[in-house]
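Every number for a ligand or one of its atoms is a count from 1 in the order of the listing. Not measured: the values here are computed from a predicted model.
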Amino acid sequence: MTAPHRTTIHILGLGAMGTVLAVDLLRFTNALVVPLFRSQERLAQFQKANGNKLSIRKLYLEGSPLLSYPLEKSECPETFARKPIDNLVVTTKTYQTKDALAPYLPYINESTNLILIQNGLGVLELLKEEIFTDPKNRPHLFQGVISHGVYQDKGGIFNHAGWAGMKVARLPWTDDEMIQKISVVKDDAANNSLVRLLTEPKFAKEFGIEHSTYQEMLSGQLFKFLVNACINPVTAILDCLNGEIKDSCGSVFTSIIDECLQILRVAYRPLFEYHENFNGNKEYPEMDINGVLTTENMVSEVTRIGCDVNAKNSSSMRQDTLFLRDIEIGYINGYIVKLASKLKLDPSCCKVNKTIEELASLRLALNRSRNTNGDWRND
Ligand SMILES: NC(=O)C1=CN([C@@H]2O[C@H](COP(=O)(O)OP(=O)(O)OC[C@H]3O[C@@H](n4cnc5c(N)ncnc54)[C@H](OP(=O)(O)O)[C@@H]3O)[C@@H](O)[C@H]2O)C=CC1
Ligand SMILES: CC(C)(CO)C(=O)C(=O)O
């Protein structure tokens, strides 16, 4: 009798998102989950601090239990088995993607499934233009748009503060594959090992997986982008938890969202014109982009998801400014500024996002300066 097939899934970026995903894969599937650390030193630190266990506190469950699961294997570039990678999850910060992938590029080929689980936009362009430049040797690419909220506390524990699911879709390598038929989803659900793992019923239910066409995921990605363009920099700049600004954020969120939508409508035109071209065609899903991605609806949705569902969360950008790490602003509000320039739009059309980008960078610079020079307010 042959042993049942076991899917191996490597996780590059065992931070908040890598941990929340890995713990549920360990809880609800039989996959071999292998984190990839940046160095032997980081791997040893992890093993010393955690005894090879992966833990997360589920704040949204009764009694906030700390769930711990053993890892069978962890690797880093020095220990890596030098065999092709079947399934790779990238859960580093967006700006860390290129460096993190570099040691593993020889093991990523046209059979590898690579899923980006990151906020923001712009990494797809980076992969196309700077990393997988040879069209004949490109992995199958997927995106996970994740709305779970997780933060690491001062004791190093990851806290899963908000449960909100993850949308998954195959990413197109070229612009003419932007609108996918429903058959692409069915084919991946039946034949692609990564999609089959992520859509295993128990895991999919517990983690909140929705597998869809690219255009449906993109609509969710733009939705999530607007959540991040408001919540992340504003909570970082003000240094607050998400829920604290619930009753006073409407005006600034309106300015950010309105400006983002005007630019996204130009950059993602086929998506915003989907209704006229594809609705009613049975080979494609029905979508109501222009009913969802409006300023009014999005201000209300961003406030609901950011400040209600994730009320107790400290956004990932605020966490980065507190721990003095670089911030993802260039892939969020800064992406809007870059798009405006790429599309040769009048620079004044992105001035709100440019100012937000500058203020968030200033917050990080201030925290770094206080860490070095002391806090002048205490003098
Ligand atoms: N936290 C949240 O609530 C949410 C976050 N997101 C998004 O998910 C993505 C990941 O965020 P998050 O999990 O919070 O980030 P974290 O900073 O918690 O995790 C990033 C991880 O990547 C690791 N890493 C960085 N560089 C390398 C490298 N060269 N090789 C191996 N590992 C590396 C870091 O390890 P090291 O410690 O060694 O630097 C760290 O463990 C971001 O795009 C974020 O915006 C999306 C939804 C919610
Ligand atoms: C869901 C949200 C808005 C939670 O804070 C997030 O995506 C983040 O912190 O990056």
Side-chain angles (χ1 to χ4, degrees), residues 10-22 34-46 49 54 56 59 74-78 80 88-104 115-123 143-153 156-167 221 223-236 240-245 253 301-332 335:
H10 288 88
I11 301 203
L12 187 57
L14 196 67
M17 291 294 103
T19 301
V20 73
L21 177 77
V34 185
L36 300 174
F37 289 86
R38 66 164 73 234
S39 63
Q40 222 150 6
E41 195 191 342
R42 283 296 280 129
L43 171 55
Q45 262 174 18
F46 171 80
L54 211 51
I56 196 157
L59 292 187
S74 302
E75 304 213 64
C76 63
E78 294 85 342
F80 189 69
L88 180 62
V89 177
V90 178
T91 37
T92 60
K93 289 280 163 46
T94 40
Y95 56 79
Q96 297 168 325
T97 310
K98 192 173 180 185
D99 286 348
L101 278 173
Y104 302 103
I115 182 164
L116 302 166
I117 302 182
Q118 296 169 316
N119 279 332
L121 288 163
V123 174
Q143 176 82 43
V145 175
I146 190 162
S147 296
H148 290 287
V150 180
Y151 71 93
Q152 191 172 25
D153 60 29
I157 299 287
F158 288 110
N159 292 279
H160 188 177
W163 191 102
M166 180 167 91
K167 295 186 195 306
Q221 191 175 22
F223 184 111
K224 182 73 202 303
F225 179 87
L226 296 172
V227 175
N228 294 124
C230 293
I231 298 288
N232 294 27
V234 173
T235 57
C240 65
L241 292 187
N242 295 0
E244 289 184 275
I245 51 171
F253 285 7
E301 284 297 85
V302 168
T303 312
R304 182 180 70 79
I305 293 177
C307 305
D308 262 337
V309 178
N310 282 296
K312 293 280 163 60
N313 202 43
S314 167
S315 76
S316 54
M317 192 173 290
R318 172 172 182 256
Q319 287 302 105
D320 286 337
T321 60
L322 294 179
F323 287 95
L324 311 179
R325 297 186 293 238
D326 289 344
I327 53 175
E328 293 184 292
I329 197 77
Y331 290 83
I332 307 180
Y335 176 78

How long is the gap from CD on Gln96 to CG on Leu101, to the nearest 0.5 Å?
-> 11.5 Å
Per-atom filter on ligand 1: closer than 4.0 angstrom to a heavy atom of Thr91 are 10 (C), 20 (C)
What atoms of ligand 1 come within less than 4.0 Å of a heavy atom belonging to Ile117?
-> 8 (O), 9 (C)
Considering heavy atoms of the protein only, find what lies nearest to atom 1 (N) of ligand 1 and give residue, atom and distance to 0.1 Å.
-> Val150 O, 2.9 Å
Residue-ligand contact Gln152/ligand 1, heavy atom below 4.0 Å | no
Ligand 1 versus Lys224: contacting region, heavy-atom distance under 4.0 Å | side chain
Can Val20 be said to touch ligand 1, with heavy atoms closer than 4.0 Å?
-> no
Considering only protein heavy atoms, which is closest to atom 26 (N) of ligand 1, and at what distance to one decimal place?
-> Arg38 NH2, 3.2 Å
If you scan protein heavy atoms around atom 18 (O) of ligand 1, the nearest is Ala16 N, 3.0 Å
Evaluate the side-chain proximity of Lys93 to Asp320: yes if any heavy-atom separation is below 4.5 Å, no if none is.
-> yes
To the nearest 0.5 Å, how far apart are CG in Asn119 and CZ in Phe225?
-> 10.0 Å
Can you name the closest pair of heavy atoms from Leu14 and Ala22 and give their distance?
-> CD1-CB, 4.4 Å
Check whether any side-chain N or O of Gln143 sits under 3.5 Å from a backbone N or O of Leu116 as a donor-acceptor pair, and report yes or no.
-> yes
Option nearest atom 5 (O) of ligand 2 (shortest heavy-atom distance, choices Asn242, Asn310, Leu241, Asn232) = Asn242
Which heavy atom in Gly18 sits nearest to a heavy atom in Thr91, and how many Å separate them?
-> CA-OG1, 3.5 Å
Arg42 heavy atoms within 4.0 Å reach ligand 1 at atoms 36 (P), 37 (O), 38 (O)
Please state whether Met317 comes within less than 4.0 angstrom of ligand 1, counting heavy atoms only.
-> no
Nearest-contact summary for atom 23 (C) of ligand 1 - protein heavy atom, Å = Gly13 CA, 3.7 Å
First locate atom OG1 of Thr92, then atom CE of Met17, and finally report the distance between them rounded to the nearest 0.5 Å.
-> 12.5 Å
Nearest protein heavy-atom contact for atom 16 (P) of ligand 1: which residue, which atom, what distance?
-> Lys93 NZ, 3.7 Å
Under 3.5 Å between some N or O of ligand 1 and some N or O of Asn119?
-> yes
Distance filter under 4.0 Å to Leu14 heavy atoms, resulting ligand 1 atoms = 41 (O)
Atom of Gly120, atom of Gln221 and distance for their closest heavy-atom approach = O-NE2, 3.7 Å
Would you mind running through ligand 1 and noting each atom that sits below 4.0 Å from a heavy atom of Leu12?
-> 31 (C)
Side-chain contact, heavy-atom cut-off 4.5 Å: Phe223 with Ile305?
-> yes
Judged by heavy atoms only, the candidate from Gly162, Ala236, Gly120, Ser316 nearest atom 10 (O) of ligand 2 is Ser316
Does an N or O anywhere in Gly15 fall below 3.5 Å from an N or O of ligand 1?
-> yes
Without hydrogens or angle criteria, can the side chains of Gln118 and Thr94 be said to hold a donor-acceptor pair below 3.5 Å?
-> no
Among protein heavy atoms, which sits nearest to atom 44 (C) of ligand 1, and what does the distance come to when rounded to 0.1 Å?
-> Glu328 OE1, 3.3 Å
With atoms numbered from 1 as shown, which atoms in ligand 1 lie under 4.0 angstrom from a non-hydrogen atom of Asn313?
-> 3 (O)
Any idea which atoms of ligand 2 are less than 4.0 Å away from a heavy-atom of Ser315?
-> 5 (O), 9 (O)
What part of Lys224, side chain from CB on, backbone N/CA/C/O, both or neither, has a heavy atom under 4.0 Å from ligand 2?
-> side chain
Below 4.0 Å from any atom of ligand 1, is there a heavy atom belonging to Asn310?
-> no
Do Thr19 and Val150 come within less than 4.5 Å of each other through their side chains, counting heavy atoms only?
-> no
Here the atoms of ligand 1 under 4.0 Å from any heavy atom belonging to Gly149 are 3 (O)
For the atom pair CG (Asn228) and CG (Leu121), what is the distance rounded to the nearest 0.5 Å?
-> 9.5 Å
Other residues, nucleotides, ligands: >12 heavy atoms within 6.0 Å of Glu41 CD | no
Identify the heavy atoms of Thr235 and Asn232 that sit nearest to each other, and give their distance.
-> OG1-O, 3.2 Å
How far is atom 4 (C) of ligand 2 from its nearest protein heavy atom, and which residue and atom is that?
-> Asn313 ND2, 3.2 Å
With heavy atoms only and a cut-off of under 4.0 Å, state how Asn119 meets ligand 2: side chain, backbone, both or neither.
-> side chain
What is the minimum heavy-atom distance between Ser74 and Phe37, and which atoms define it?
-> CB-CE1, 3.9 Å
Protein contact for atom 28 (C) of ligand 1 (heavy atom, distance under 4.0 Å) = yes
Heavy-atom neighbours of Lys224 NZ exceed 12 at 6.0 Å | yes
So is there a nitrogen or oxygen of Asn228 less than 3.5 Å from a nitrogen or oxygen in ligand 2?
-> yes
Looking only at protein heavy atoms, identify the closest one to atom 8 (O) of ligand 1 and say how far it is in Å.
-> Met17 CG, 3.2 Å
Residue and atom name of the nearest protein heavy atom (relative to atom 48 (C) of ligand 1), distance in Å to one decimal | His148 O, 3.1 Å
Arg318 near ligand 2, heavy-atom distance under 4.0 Å?
-> no
Between Pro77 and Ser39, what is the shortest heavy-atom contact and its length?
-> CD-N, 4.3 Å
For Ile146, counting its heavy atoms only, list the atoms of ligand 1 lying under 4.0 Å from any of them.
-> 46 (C), 47 (C)
Could you grab the distance from atom OH of Tyr151 to atom CG of Asn242, nearest 0.5 Å is fine?
-> 10.5 Å
